[in-house]
Amino acid sequence: MKWPTRKEHHKYMRARQSQNMSRALTNANENWMRDILGKTGHKWTRQAQWGFRLFDFWNHSLGIAVEVDGLEHNKSYDSSRDEYNYQTSGIVVLRVGNLNRDDADKAVAYITSSCTWNERRSELGLPFIRT
């Protein structure tokens, strides 16, 4: 995963993160998902940065990101980025359609049965991450 290393890249990602967070606080779709994820018993961070990506919700111990997607998302582009993240870092990205209860239920089922991020990384032959 390529990380923002130059000062201007880091500043750009911070600005995007701040912009997204201010919108997320009033976004009914994300707030609906926040309430559902709150019932999983895990800590979720909103608008978390991972390299040049911002995830709607992120759980560090599980290495799981949840993206709440509307119709505007390019599914093939998103799936290739998600697969790249999985292969290089063991991060699982779960995609939930806006206010789609079936997607949310599948995501929660995956979360509750998931192993830790380090266990997944070990299975993939990736190095241990300090949590």
Side-chain angles (χ1 to χ4, degrees):
M1 170 55 76
K2 187 174 179 184
W3 286 91
T5 53
R6 296 196 352 225
K7 200 175 204 176
E8 60 270 14
H9 289 156
H10 184 69
K11 186 176 179 181
Y12 169 75
M13 288 306 295
R14 283 286 190 209
R16 279 198 53 219
Q17 185 179 30
S18 177
Q19 212 174 40
N20 285 2
M21 190 58 184
S22 65
R23 277 188 253 150
L25 295 174
T26 58
N27 183 325
N29 300 315
E30 285 190 32
N31 289 331
W32 170 78
M33 194 64 207
R34 178 204 59 212
D35 295 341
I36 291 171
L37 290 173
K39 296 174 185 172
T40 64
H42 296 285
K43 180 185 176 207
W44 295 92
T45 303
R46 294 193 66 180
Q47 295 302 321
Q49 180 183 351
W50 182 261
F52 279 101
R53 288 193 71 178
L54 293 172
F55 295 124
D56 293 335
F57 298 93
W58 167 252
N59 179 280
H60 186 77
S61 64
L62 296 176
I64 294 177
V66 177
E67 287 285 308
V68 182
D69 293 341
L71 297 174
E72 72 280 356
H73 277 268
N74 181 334
K75 291 179 183 7
S76 64
Y77 176 68
D78 288 344
S79 66
S80 66
R81 287 194 319 163
D82 297 347
E83 181 61 25
Y84 176 79
N85 275 356
Y86 181 76
Q87 294 299 325
T88 59
S89 62
I91 292 175
V92 172
V93 180
L94 303 175
R95 296 200 169 267
V96 176
N98 288 343
L99 303 175
N100 185 321
R101 189 64 197 195
D102 289 337
D103 287 352
D105 290 342
K106 289 175 187 172
V108 168
Y110 186 90
I111 290 163
T112 56
S113 66
S114 180
C115 61
T116 68
W117 189 17
N118 277 321
E119 290 169 338
R120 188 176 323 107
R121 289 179 63 82
S122 175
E123 290 170 4
L124 294 169
L126 299 169
F128 181 80
I129 294 279
R130 187 177 296 164
T131 55

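This one's a predicted model, so the numbers in the text were calculated from it and none came from an experiment. Computation of the quantities below employed the complete heavy-atom set of this structure, encompassing side-chain atoms and omitting hydrogens, waters and symmetry-equivalent molecules.
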- [ ] Carefully, step by step, assess Met33 and Val66 under the rule side-chain contact (heavy atoms from CB on, under 4.5 Å).
- [x] CA-CA 9 Å; Met33 194 64 207; Val66 177; 4.1 Å; yes
The reported gap from CD1 in Ile91 to CD1 in Ile64 (rounded to nearest 0.5 angstrom) is 10.5 Å
In this structure, CG of Asn118 is separated from CG of Leu126 (nearest 0.5 Å) by 10.0 Å
The side-chain contact (heavy atoms from CB on, under 4.5 Å) partners of Asn27 (sequence neighbours excluded) come to Asn29, Glu30
side-chain hydrogen bond (donor to acceptor under 3.5 Å, both in side chains) filter on Asn20, not counting sequence neighbours, yields Gln47
Residues 110-126 vs salt bridge (Lys or Arg N to Asp or Glu O under 4.0 Å), sequence neighbours excluded, gives none
Which of Phe57, Trp117, Tyr84, Phe55 passes ring-ring contact (aromatic ring centres under 6.0 Å, His included) with Trp50? It is Trp117
Check your understanding: Any idea how His60 and Trp58 line up, ring-wise: parallel (<30°), tilted (30 to 60°), or perpendicular (>60°)?
Key -> perpendicular
OH (Tyr110) with more than 12 external heavy atoms under 6.0 Å: yes
For Asp103, the salt bridge (charged side-chain N to carboxylate O under 4.0 Å, His left out) test, sequence neighbours excluded, returns none
Practice problem: Could you tell me whether a side-chain N or O of Ser113 sits under 3.5 Å from a main-chain N or O of Ala109, the two making a donor and an acceptor? | Solution: yes
_Under 3.5 Å, is there a donor on one side chain and an acceptor on the other for Arg95 and Asn100?_
no
With sequence neighbours left out, the residues meeting side-chain hydrogen bond (donor to acceptor under 3.5 Å, both in side chains) with Asn98 are none
- Message: Run the side-chain contact (heavy atoms from CB on, under 4.5 Å) test on Val92 and Ser114 for me, step by step, so that the C-alpha distance in whole Å, both residues' side-chain angles and the decisive distance to 0.1 Å come before the verdict.
- Response: CA-CA 10 Å; Val92 172; Ser114 180; over 6 Å; no
| said: Closer than 4.0 angstrom, basic N to acidic O: yes or no for Asp78 and Arg53? | reply: no
Taking every heavy atom of Ala107 against every heavy atom of Val96, the minimum-distance pair comes out as CB-CG2, 3.9 Å
Sorted by chain and residue number, the side-chain hydrogen bond (donor to acceptor under 3.5 Å, both in side chains) partners of Glu8 (sequence neighbours excluded) come out as Arg6
Below 3.5 Å, can you tabulate the donor-acceptor pairs from side chains in residues 36-43 to any protein atom, sequence neighbours excluded?
unit_1, atom_1, unit_2, atom_2, d
Thr40, OG1, Leu37, O, 2.7
Thr40, OG1, His42, N, 3.4
Thr40, OG1, Trp44, NE1, 3.1

Here the salt bridge (Lys or Arg N to Asp or Glu O under 4.0 Å) pairs for residues 13-28, sequence neighbours left out, are none
Contacts of Ser80 meeting side-chain hydrogen bond (donor to acceptor under 3.5 Å, both in side chains) (sequence neighbours excluded), chain-then-number -> none
request  = Please assess Tyr86 against Leu124 for the test side-chain contact (heavy atoms from CB on, under 4.5 Å), listing each intermediate value before the final yes or no.
outcome  = CA-CA 9 Å; Tyr86 181 76; Leu124 294 169; 3.9 Å; yes
Same cluster (ILVMFWY, side-chain, under 4.5 Å), Met21 and Leu54
no
Sorted by chain and residue number, the salt bridge (charged side-chain N to carboxylate O under 4.0 Å, His left out) partners of Arg101 (sequence neighbours excluded) come out as Asp105
Can you find a pair of side-chain heavy atoms, one from Asn31 and one from Arg46, that are under 4.5 Å apart?
yes
